[in-house]
Novice: 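Attaching a single structure in structure tokens format; questions to follow.
Heavy-atom basis, side chains included; hydrogens, waters and symmetry copies ignored. Because the structure is a prediction, the values reported are computed rather than measured. Starting from 1, each residue takes its place in the sequence as its number.
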Amino acid sequence: MAADNTSSMTEFILAGLTDQPGLQLPLFFLFLGFYVVTMVGNLGLITLIGLNSHLHIPMYFFLFNLSFIDFSYSSAIIPKMLMSFVSKKNIISYTGCMTQFFFFAFFVISESFILSAMAYDRYVAICKPLLYMVTMSPQVCVLLLLCVHGMGFLGAIPHTGNILFLTFCRGNLLNHYMCDFLPLLELSCNSSYMNTLVVFTLVAIDIGVPIVTIFLSYGFILSSIFHINSTEGRSKAFSTCSSHIMAVCLFFGSAAFVYLKPPANLPLEWDKVCTVFYTIVVPMLNPVIYSLRNKDVKLAMKKTLGRITFS
């Protein structure tokens, strides 16, 4: 593409997950299955929490919003990804690409901060049980949620702005199944060390601040658990946190692998595989993790199914 056309990029071609023709159809059905399970799991959890009054407490308020975030950012990515498996040319407009990236960044950053809010909730529940309902009042929960989405918005704006200032002169074939910063940077002719530094600094904040909050919360939680005399009490406390710990490890582990490593260490093909994990697999697993290991959710499910059967 000529240098005088660098600012007139109107569309990108998404390379997709693989260029192997024999894998396209099996992968389409595999990821369609992932998407259906993600939608059913997260919408089911949202419905259960909404319909059952005994789940109207801070812990499930945050779980409700985690499911909403998972549902939303899966919907921003997977439908377009599915098209790449069945289309000869999977084209996305420049505006569509920037829009997808903004919502992807917004929801992923929001997820990292809502996981830290959930860790704080568990800290208050275990370390200050007598003050729990006062400390985690409805007003505080709403304020925390506003902070979660506020951080998502404040993180997504500079990430997207960083891309909008790029010009593209290395073709329009994007080596990914979605619009993400690193593959877009590969196509840019004016990217610099500063562009890369900006994205890694922002990601370090978006991942680092929640991780520090989570580590501090669980540090205090472990200290409190070791001071519990009864084995049953310790077991109950660990059980309360286990689902959240699994969700945190899955999400932050895969996201950090993609963004907090030197960019030259691994090819983008590996990044695509890791991105699949935290954008598609984690949102699918979260409702399963929180449902299978949670007695309250199981009880709510039985009650809801009982009402439907009775009706």
Novice: Which atom names give the shortest non-hydrogen contact between Gly171 and Leu187, and what distance separates them?
Specialist: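 Result for this residue pair: O-CD1, 3.9 Å.
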Novice: As a quick check of understanding, evaluate side-chain contact (heavy atoms from CB on, under 4.5 Å) for Phe102 and Leu164, giving each step before the final call.
Specialist: CA-CA 11 Å; Phe102 173 82; Leu164 288 172; over 6 Å; no
Novice: Taking a hydrophobic cluster as the set of Ile, Leu, Val, Met, Phe, Trp and Tyr residues connected by side-chain heavy atoms closer than 4.5 Å, whether directly or through intermediates, do Met83 and Ile78 fall within one such cluster?
Specialist: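 Looking at the clustering, Ile78 is in a separate group from Met83.
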Novice: For residues Tyr73 and Tyr278, report the shortest heavy-atom separation together with the two atoms involved.
Specialist: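 Nearest pair, atom of Tyr73 first, then Tyr278: OH-O, 2.6 Å.
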Novice: Please check if Ile77 and Leu250 belong to a single hydrophobic cluster, counting links between Ile, Leu, Val, Met, Phe, Trp and Tyr side chain heavy atoms closer than 4.5 Å.
Specialist: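 Linked, Ile77 and Leu250 end up in one cluster.
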Novice: Pairs in or reaching into residues 20-63: which pass disulfide (SG to SG under 2.5 Å), with residues at least two apart or in two chains?
Specialist: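 Every candidate disulfide (SG to SG under 2.5 Å) pair involving residues 20-63 fails, so no pair, neighbours aside, qualifies.
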Novice: If every non-hydrogen atom of Arg122 is compared with every non-hydrogen atom of Ile221, which pair is closest and at what distance?
Specialist: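 In this case the closest contact between Arg122 and Ile221 is C-CD1, 3.8 Å.
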Novice: Apply side chain to side chain contact (heavy atoms under 4.5 Å, CB included) to Thr201 and list each qualifying residue two or more places apart in sequence or on a separate chain.
Specialist: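 Result, side chain to side chain contact (heavy atoms under 4.5 Å, CB included) vs Thr201: Leu197, Ile205.
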Novice: Show me the pairs that pass disulfide (SG to SG under 2.5 Å) and involve residues 35-77, at least two apart or across chains.
Specialist: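 As it turns out, there is no disulfide (SG to SG under 2.5 Å) pair with a partner in residues 35-77 once direct neighbours are skipped.
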Novice: Once rounded to the nearest 0.5 Å, what's the spacing between atom CG of Leu17 and atom CD of Gln24?
Specialist: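 Answer rounded to 0.5 Å: 8.5 Å.
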Novice: Does Ser72 reach the side chain of Phe106, with side-chain heavy atoms less than 4.5 Å apart?
Specialist: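 They are not in contact (no side-chain heavy atoms under 4.5 Å apart), so the answer is no.
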Novice: Do Val203 and Phe181 touch side chain to side chain, with heavy atoms closer than 4.5 Å?
Specialist: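 No, every pair of side-chain atoms sits at 4.5 Å or beyond.
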Novice: Cut-off 3.5 Å, no hydrogens considered: what does the side-chain donor-acceptor table look like for residues 27-47, sequence neighbours left out?
Specialist:
from, atom 1, to, atom 2, distance (Å)
Tyr35, OH, Ser75, OG, 3.1
Thr38, OG1, Phe34, O, 2.7
Asn42, ND2, Thr38, O, 2.9
Asn42, ND2, Pro283, O, 3.0
Thr47, OG1, Leu43, O, 2.7

Novice: Supply the atom-to-atom distance Tyr94 OH to Thr99 OG1, rounded to the nearest 0.5 angstrom.
Specialist: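 Rounded to the nearest 0.5 Å, the OH-OG1 separation comes out at 10.5 Å.
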Novice: Side-chain heavy atoms nearer than 4.5 Å, only ILVMFWY residues, links allowed to pass through others: does that put Ile245 and Phe226 together?
Specialist: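 Yes.
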Novice: Using a 3.5 Å cut-off and no angle test, enumerate the donor-acceptor pairs between side-chain atoms of residues 212-219 and protein atoms at least two apart in sequence or in another chain.
Specialist:
from, atom 1, to, atom 2, distance (Å)
Thr213, OG1, Val209, O, 2.9
Ser217, OG, Thr213, O, 2.9
Tyr218, OH, His244, ND1, 2.7

Novice: Does Tyr60 have any ring pair (Phe, Tyr, Trp, His ring centres under 6.0 Å) partners at least two apart in sequence or in another chain, and if so, which?
Specialist: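 For Tyr60, no residue satisfies ring pair (Phe, Tyr, Trp, His ring centres under 6.0 Å) once neighbours in sequence are set aside.
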Novice: For the hydrophobic clusters of this structure (ILVMFWY residues joined by side-chain heavy atoms under 4.5 Å, transitively), does one cluster hold both Val124 and Leu66?
Specialist: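 Result: yes, single cluster for both.
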Novice: For residues 141-162, tabulate all N or O donor-acceptor pairs below 3.5 Å that involve a side-chain atom, not counting sequence neighbours.
Specialist:
from, atom 1, to, atom 2, distance (Å)
Thr160, OG1, Ala156, O, 2.7
Asn162, OD1, Asn195, ND2, 2.9
Asn162, ND2, Asn195, O, 3.1

Novice: Has Gln100 got a side-chain atom pairing as donor or acceptor with Ala76's backbone, closer than 3.5 angstrom?
Specialist: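 It does hold such a pair.
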Novice: For Ser93, enumerate each residue passing the side chain to side chain contact (heavy atoms under 4.5 Å, CB included) test, keeping only those at least two apart in sequence or located in another chain.
Specialist: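 Partners of Ser93 under the side chain to side chain contact (heavy atoms under 4.5 Å, CB included) test: Thr95.
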Novice: Between Glu186 (side chain) and Leu174 (backbone), is there a donor-acceptor pair under 3.5 Å?
Specialist: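 Checking the backbone N and O of Leu174 against the side chain of Glu186, no donor-acceptor pair under 3.5 Å is found.
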Novice: Rounded to the nearest 0.5 Å, what separation is found between the CE atom of Met246 and the CG atom of Leu285?
Specialist: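 Between atom CE of Met246 and atom CG of Leu285 there are 8.0 Å.
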Novice: Can you check whether Ser84's main-chain N or O pairs, donor with acceptor, with Lys89's side chain at less than 3.5 Å?
Specialist: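 Pair absent, no side-chain N/O of Lys89 close to backbone of Ser84.
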Novice: For Ile49, does its backbone N or O pair with a side-chain atom of His56 as donor and acceptor, under 3.5 Å?
Specialist: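 At least one qualifying donor-acceptor pair exists.
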Novice: Look at the side-chain heavy atoms of Ile, Leu, Val, Met, Phe, Trp and Tyr, link any pair under 4.5 Å apart, and say whether Met133 and Ile126 land in one connected group.
Specialist: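 Hydrophobic grouping puts Met133 with Ile126.
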Novice: Side chains of Phe277 and Val282: does their closest heavy-atom pair fall under 4.5 Å?
Specialist: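 The answer is yes; the side chains approach within 4.5 Å.
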Novice: Phe85 vs Asn90, test: side-chain contact (heavy atoms from CB on, under 4.5 Å). Steps then yes/no.
Specialist: CA-CA 9 Å; Phe85 297 125; Asn90 187 27; over 6 Å; no
Novice: Starting at CD1 of Ile13, measure out to OG of Ser87 and round the result to the nearest 0.5 Å.
Specialist: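 That separation rounds to 11.5 Å.
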Novice: Heavy atoms, side chains only, cut-off 4.5 Å: are Met118 and Met59 in contact?
Specialist: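 No, every pair of side-chain atoms sits at 4.5 Å or beyond.
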Novice: Looking at residues at least two apart in the chain, or sitting in another chain, which of them share a side chain to side chain contact (heavy atoms under 4.5 Å, CB included) with Phe220?
Specialist: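 Expected list: Tyr123, Cys127.
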Novice: Mind checking the CG-CD1 spacing from Leu185 to Ile163? Nearest 0.5 Å is all I need.
Specialist: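 CD1 of Ile163 is found 8.5 Å from CG of Leu185.
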Novice: Is the closest side-chain heavy-atom distance between Thr279 and Phe104 below 4.5 Å?
Specialist: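 They are in side-chain contact.
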Novice: Would you give the length of the straight line joining atom CE of Met81 to atom CE of Met178, rounded to the nearest 0.5 angstrom?
Specialist: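 Answer rounded to 0.5 Å: 10.0 Å.
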Novice: Just by distance, do the side chain of Ser188 and the backbone of Thr167 share a donor-acceptor pair under 3.5 Å?
Specialist: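 Between the backbone of Thr167 and the side chain of Ser188 there is a qualifying donor-acceptor contact (under 3.5 Å).
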Novice: Keeping the roles fixed (side chain from Ser112, backbone from Ile109), state whether a donor-acceptor pair exists under 3.5 Å.
Specialist: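 Yes, because the side chain of Ser112 sits within donor-acceptor range (under 3.5 Å) of the backbone of Ile109.
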Novice: Short question: side chain of Tyr177, backbone of Val276 - any donor-acceptor pair under 3.5 Å?
Specialist: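 Side chain of Tyr177 to backbone of Val276: a pair is present.
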Novice: Tell me, yes or no, whether the heavy-atom count around Phe103 atom CZ, taken from other residues, nucleotides or ligands under 6.0 Å, exceeds 12.
Specialist: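 Incorrect, the count does not exceed 12.
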Novice: Tell me which pairs pass disulfide (SG to SG under 2.5 Å) where either residue lies in residues 17-69, with sequence neighbours left out.
Specialist: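 Every candidate disulfide (SG to SG under 2.5 Å) pair involving residues 17-69 fails, so no pair, neighbours aside, qualifies.
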Novice: Suppose the criterion is disulfide (SG to SG under 2.5 Å): which pairs have a residue in residues 62-123, not counting sequence neighbours?
Specialist: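 Counting only pairs at least two positions apart or across chains, the disulfide (SG to SG under 2.5 Å) contacts touching residues 62-123 are Cys97-Cys179.
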Novice: Who passes side chain to side chain contact (heavy atoms under 4.5 Å, CB included) against Gln139, sequence neighbours left out?
Specialist: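 Gln139: side chain to side chain contact (heavy atoms under 4.5 Å, CB included) contacts with Ser137.
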